[in-house]
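To start, the structure under review is shown below, and the notes come after it.
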Protein chains: 2
Amino acid sequence: MYEKKIPKDFSCGMAILMEIIGGKWKSYLIYLIANNVRRPAELQRAIPSASRRVLDLQLRELEFHGIIKRVIYPEMPPKVEYFMTPFGESMLPVVASMETWGAEYMETFRQLMENKQKTMHTDGECVEIKKDKPVIRGRRTLAKAV
Amino acid sequence: MYEKKIPKDFSCGMAILMEIIGGKWKSYLIYLIANNVRRPAELQRAIPSASRRVLDLQLRELEFHGIIKRVIYPEMPPKVEYFMTPFGESMLPVVASMETWGAEYMETFRQLMENKQKTMHTDGECVEIKKDKPVIRGRRTLAKAV
DNA sequence: GAGAATACGGAAAAAATTATCCGTATCCGA
DNA sequence: TCGGATACGGATAATTTTTTCCGTATTCTC
């Protein structure tokens with residue numbers, strides 16, 4: 001594993017949760033494994049936009065953190081399956097609530113971002129913005145304004 | 001803001017939530033602001049391990065994502081306050097559940113990590129590990145074992 | 001026997017995030 | 001008038017994460 005240089009401080013709950021599910025695909029992996037998608041190749045097919053390598057790495061980390069368990073069947077061709085540990089299962093409600101919130105506010109979020117886009121790329125007239133943003137944003141402008 | 005090169009896909013709830021609170025200190029900031037720590041300097045004092053710069057950046061992003069609102073009082077010396085937006089408040093229960101889970105399992109997690117440490121740095125005898133890990137971990141070993 | 005599937009790892013490049021250090025400006029108090 | 005408080009931004013370095021591309025090995029099918 002990559003050797004970290006900046007020590008981490010796990011004195012608060014969020015830090016721990018983030019350490020565990022912070023990776024780009026980890027929450028997907030947890031979700032999938034909890035829903036019986038167990039084998040590496042299946043997981044890769046389920047998340048095609050992720051490279052095989054990262055999924056591997058993140059699965060290792062989830063295993064390292066005690067969230068999932070890797071079971072190897074000594075067969076040929078190789079067979080591996082992942083299972084949630086009890087510790088991992090304990091976090092499913094949290095993951096679910098995160099997913100639920102995100103899904104519920106997906107539209108809100110998208111529309112918000114769309115509006116930003118508009119006001120950011122329109123070089124012609126971003127009137128409302130020009131009205132207050134400079135005053136709000138710039139230090140210099142504020143100074144002048146006062 | 002840093003211009004991203006890999007487009008993001010917000011088709012799932014987790015991705016949205018992560019986009020919003022993924023930053024290193026964002027959840028702290030949300031927590032603090034929701035608990036009436038409003039002014040930039042206060043926030044910085046509350047999170048001394050974070051550099052001023054990152055907090056600024058992450059506050060900008062939270063504002064950009066519609067989670068908090070920045071209110072400028074045109075005074076001298078400068079005064080700024082952050083407030084949760086309704087959208088931001090809607091995510092407080094989720095943040096709370098994340099924090100709660102993390103706090104609840106903090107000890108579990110720490111002990112787990114401690115054990116890993118032991119088995120990783122003991123060069124003398126990590127007997128249990130040697131018994132099964134190599135078989136589990138290495139491809140080659142498995143091949144031989146079969 | 002070539003090519004698919006299974007599973008995995010190393011090395012290096014690319015991308016993203018965070019840290020560090022510099023600067024701006026005003027005001028207040030010693 | 002100097003140091004500290006307020007608040008902020010640019011540029012660059014360091015760190016971390018993710019991607020890409022290479023390789024290993026076995027078995028089964030065509």
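Convention: sequence-line order gives letters A, B, ...; per-chain numbering from 1.
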(message) Here's a test of your reading of the structure: between Lys24(B) and Pro77(A), which maps to the more 5' nucleotide of DNA chain C?
(response) Pro77(A)
(request) May I have all residue pairs that pass side chain to side chain donor-acceptor pair (under 3.5 Å) and include part of residues 31-41 of chain A, sequence neighbours excluded? (result) Asn36(A)-Arg38(A)
Distance (rounded to the nearest 0.5 Å) between [X] [atom1] and [Y] [atom2]:
{"X": "Ile68(B)", "Y": "Leu32(B)", "atom1": "CD1", "atom2": "CG", "value": "11.0 Å"}
{"X": "Glu19(A)", "Y": "Glu61(A)", "atom1": "CD", "atom2": "CD", "value": "7.5 Å"}
{"X": "Tyr105(B)", "Y": "Ile20(A)", "atom1": "OH", "atom2": "CD1", "value": "11.0 Å"}

Tell me whether the side-chain N/O atoms of [X] come closer than 4.0 Å to OP1 or OP2 in [N].
{"X": "Arg60(A)", "N": "dG9(C)", "result": "yes"}
{"X": "Lys5(B)", "N": "dA15(C)", "result": "yes"}
{"X": "Gln58(A)", "N": "dT17(D)", "result": "no"}

(request) Hey, which sits more toward the 5' end of DNA chain D by its nearest nucleotide, Ile6(A) or Tyr82(B)? (result) Tyr82(B)
(request) Please determine, for the side chain of Arg53(A), which listed nucleotide (dT20(D), dC21(C), dC8(C)) has the closest atom? (result) dT20(D)
(message) Would you say that Met84(A) contacts Leu92(A) through its side chain, given a criterion of any heavy-atom pair below 4.5 Å between the two side chains?
(response) yes
Rounding to an integer number of Å, can you tell me how far [X] [atom1] sits from [N] [atom2]?
{"X": "Lys79(B)", "N": "dC28(C)", "atom1": "NZ", "atom2": "C1'", "result": "17 Å"}
{"X": "Ile72(A)", "N": "dT26(D)", "atom1": "CD1", "atom2": "P", "result": "18 Å"}
{"X": "Leu57(B)", "N": "dA13(D)", "atom1": "CG", "atom2": "P", "result": "18 Å"}
{"X": "Asp56(B)", "N": "dC8(D)", "atom1": "CG", "atom2": "C1'", "result": "6 Å"}
{"X": "Met76(B)", "N": "dA25(C)", "atom1": "CE", "atom2": "C1'", "result": "7 Å"}
{"X": "Lys8(A)", "N": "dT16(D)", "atom1": "NZ", "atom2": "C1'", "result": "8 Å"}
{"X": "Glu63(A)", "N": "dA7(C)", "atom1": "CD", "atom2": "P", "result": "15 Å"}
{"X": "Met18(A)", "N": "dT17(C)", "atom1": "CE", "atom2": "P", "result": "13 Å"}

Give [X] one of three labels, base, sugar-phosphate or nothing, depending on what nucleic acid heavy atoms sit under 4.0 Å from its own.
{"X": "Glu61(B)", "result": "nothing"}
{"X": "Glu81(A)", "result": "nothing"}
{"X": "Val54(A)", "result": "base"}

(message) One thing to verify: whether Glu107(A) and Arg110(A) come together as a salt bridge, which I'm taking to mean a side-chain N less than 4.0 angstrom from a carboxylate O.
(response) yes
(request) For DNA chain C, find the residues of residues 25-52 of chain A with a heavy-atom distance under 4.0 Å and give them by number; none if there aren't any. (result) Arg39(A), Pro40(A), Ala41(A), Arg45(A), Arg52(A)
(message) Please enumerate all residues that pass ring pair (Phe, Tyr, Trp, His ring centres under 6.0 Å) together with Phe83(B), with sequence neighbours excluded.
(response) none
